[in-house]
2 protein chains.
Amino acid sequence: MNLKELSQSLGLSQTTVSRALNGYPEVSPATRARVQEAAKTFNYHPSNRAKGLATGKALAIGHVIPVSDKHEMVNPVFGDFIAGAGETYARHGYEMILSIVDDSDEEKVYTSLKSRRAVDGVVVHGPRMNDPRIPLLNDLGLPFAVHGRASGCTLPYTWLDVNNRHAFLRATDFLYDLGHRRIALINGAEFMDFAYRRRDGYEAALQAHDICVDPALMRSDEMTEDFGYQSTTDLLGQNDAPSAIMCSSLISALGARRAIEEAGLVMGKDVSVITHDDDLSYLQNGGDIPIFTATRSSVRYAGRRLAEMLLAAIADPLQPPQNELLEAELMVGRSTGPAPRKE
Amino acid sequence: MNLKELSQSLGLSQTTVSRALNGYPEVSPATRARVQEAAKTFNYHPSNRAKGLATGKALAIGHVIPVSDKHEMVNPVFGDFIAGAGETYARHGYEMILSIVDDSDEEKVYTSLKSRRAVDGVVVHGPRMNDPRIPLLNDLGLPFAVHGRASGCTLPYTWLDVNNRHAFLRATDFLYDLGHRRIALINGAEFMDFAYRRRDGYEAALQAHDICVDPALMRSDEMTEDFGYQSTTDLLGQNDAPSAIMCSSLISALGARRAIEEAGLVMGKDVSVITHDDDLSYLQNGGDIPIFTATRSSVRYAGRRLAEMLLAAIADPLQPPQNELLEAELMVGRSTGPAPRKE
DNA sequence: AATCAAACCCAAAGCGCTTTGAATTCAATT
DNA sequence: AATTGAATTCAAAGCGCTTTGGGTTTGATT
């Protein structure tokens, strides 16, 4: 069923039917009701494609998901983020189109999305420091919103981020207050902006307490379970081992716990752990009492919200870029305790 | 830059340019080269939308992701599956469009995708027993491919599945051979087809050895870490506790391990665990030696392959539905060992 | 009864592409 | 030189929608 058929079956012109359906005022309430009724019974849905051609809008938002060439790794937060964004799009009648793309030719994809007029805007995932995609999208004139920020990019753009620096600063402080002085950091790959900021917060907290930052206590890579395990095993094995560990992801923290237990130690007693927790639906941080003390921020909420910000920017291209900085909650769980006294 | 502008700048008609670009034979090699050259320098990409309107093809595949209304949970395998499928689409010039949808109104989404001609086909995720989506899509005449199968659906359709029954049968056998007689099952929600089949394999193995199936040893729900933890704590607490556990997902297995250790037991010695492992990029089952003995099958490969099957079905609508049954590998890790002797 | 807004409705153009059916060119054949 | 047919190229229609720029009815006002 298309517009033509629908309008013929109603004995009206396509114009009138189109207007009735799209809420234009120049059609009588009676006619509008009749049209809507018919659309429902015939199960008529306008073709997005044709609509897009006619209006110049694509009614679609692109998400370009970079897959690291190194491990072919898909960021595990991605599913929840997308789910959040999807809710927003559904509510506004937008489609979400996804491109899975090798790190290396991500830029081509943006150019192509733009020139094919396939989307009205894009969401940028996993921003890095000085991320070249931001000036690129700016030049292309394709509306975009960034999940995170890119240190070093001066031009204004729409973003939503967790206050990673502050979260890790607070968490490190919290460990300090518990008496910990040797605090390790198991971080994401530090060309990623979020990881850079977390380290910055961690270092700032240490320096504020006159603890010198020890590179031997810092690790940084893609945040897999195994990376958490290896790093922790390694850290605990060295002399003057840390009594506490800051960890950038719950998945790596699970690996850290594995290493701690395998070393015959008890987490929360011999070694304290704080992790960042993205509040993923399938990876809840324990039940009533969190397993891990954590800095928590829902990535799903972030998806929902960032999508709204992007749609708003598209609807009103003149408004200045919006920004939103979310504070992570610091949830106390069972993985932290007072620093053990040295024997 | 659009076709019209491109053709004007070349002094050719739109027809010729279109044909040159799409590889039709009735254009001279010289002209074709000239056109391709110009397309490259002007960075011309045809609008998918217009192309779709003209050809009736959407050049897009829909993925409808159900989000369980219960926990708003996004299946964690989803990211890797999508990544696999995305590779295939990129190679064939298709877009992937994603709808995140409440369990409840998933059917509406299919109808709407169809009537808006938004996609050329869809991938069905998370099939259940007697899944109503399969006859629905069949009636709609919308090409589709199922990741998994739906027991009880008699009509033929395209699917790709892991041989879940066989995998769990073999794994249970393996535990039996190690001397285990009380073997528990921590399964996914059993209205899901894969979970049903796994249980079937598990039970078949037990019965083949004249072990009676004990409902007290079986748990079934959405496979979160916490579910694995709670179930295992529970199982180990009862009298005549199991000496081995079959687990339906690596994430729940992590929870199981947590419970085992918290109970002061050693995994692989006091309690053996075998889990299914989807080979997710961010959740590798250990490094060189797997943490868990596991039935393994790459969900990313599944995505890549199923997408190919769907595209093939779309390209040739007359071919009979293809099916592919993948056998899971049984990887021996450190989580299994001989059954402890009873004191 | 003539006038004039409102209110309602419509025909047709246009969005960027493919494709049909026809026209043109040109070398080879009669 | 006229004919033919293959090789090229083109103009125009059409895909399903929105939107412009009118029309035609009304019913109230003069």
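So that the names make sense, note that chain A is the first sequence line, chain B the second, and so on, each numbered from 1.
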If you only use heavy atoms from C-beta on, which nucleotide in C:dC8, C:dC9, D:dT18 is closest to the side chain of A:V27? C:dC9
In whole Å, what is the span from the CG atom of A:L12 to the C1' atom of D:dT24? 15 Å
Given that B:A54 and B:R19 both sit by DNA chain D, which one's nearest nucleotide is further toward the 5' end? B:R19
Quick one: which of C:dC8, C:dT19, C:dC17 gets closest to the side chain of A:E26? C:dC8
Presence of B:T55 side-chain N/O under 4.0 Å of D:dC15 phosphate oxygens OP1/OP2: no
Nearest whole angstrom, please: distance from the P of C:dC8 to the CZ of A:R32. 10 Å
Rounded to whole Å, please give me the gap between CZ in A:R34 and P in C:dC8. 13 Å
Looking only at atom types and distance, does a side-chain atom of A:D131 sit under 3.5 Å from a main-chain N or O of A:R128, one as donor and one as acceptor? yes
Both A:P25 and B:M1 contact DNA chain C. Taking the nearest nucleotide for each, which residue is further toward the 5' end? A:P25
Under 4.0 Å, counting only non-hydrogen atoms across every strand here, what does A:T15 touch: a base, just sugar-phosphate, or nothing? base
Rounded to whole angstroms, how far apart are NZ on A:K4 and P on D:dA13? 14 Å
Which residue is it: B:F81, B:W159, B:F194, B:F78? I am looking for the one with a side chain to side chain contact (heavy atoms under 4.5 Å, CB included) to B:H147. B:F81
A:T16 vs C:dC9: side-chain N/O to OP1/OP2 distance below 4.0 Å: no
Would you please confirm or rule out a distance under 4.0 Å between OP1 or OP2 of D:dT19 and any side-chain N or O of A:Y24? yes
Whether A:R91 side chain and A:Y89 backbone form a donor-acceptor pair below 3.5 Å: no
To the nearest Å, give me how far apart CG (B:L10) and C1' (D:dT8) are. 15 Å
Measure from NZ on B:K57 to P on D:dG14 and round the result to the nearest Å. 22 Å
Give a yes or no answer on whether the side chain of A:D161 reaches the backbone of A:L325 with a donor-acceptor pair at less than 3.5 Å. no
Can you tell me how far C1' of C:dT18 sits from CZ of B:R49, to the nearest Å? 16 Å
Do any side-chain nitrogens or oxygens of B:S28 fall under 4.0 Å of OP1 or OP2 in D:dT9? yes
A:N2 vs D:dC15: side-chain N/O to OP1/OP2 distance below 4.0 Å: no
Can you tell me the distance, in whole Å, between the CD atom of B:Q14 and the P atom of C:dT20? 16 Å
B:L3 side-chain proximity, nearest of C:dG16, C:dT18, D:dC17: C:dT18
Backbone N or O of B:V17 within a donor-acceptor pair of the B:R19 side chain at under 3.5 Å? no
Sole candidate of A:I65, A:V122, A:V101 that passes side chain to side chain contact (heavy atoms under 4.5 Å, CB included) when paired with A:V109: A:V101
A:Y44, nearest nucleotide to its side chain (from C:dC17, D:dA11, D:dC17): D:dC17
Could you check whether the side chain of B:S18 and the base of C:dT19 have a donor-acceptor pair of N or O atoms closer than 3.5 Å, going by distance alone? no
Is there a side-chain contact between A:S47 and the phosphate of D:dG16, meaning an N or O under 4.0 Å from OP1 or OP2? no
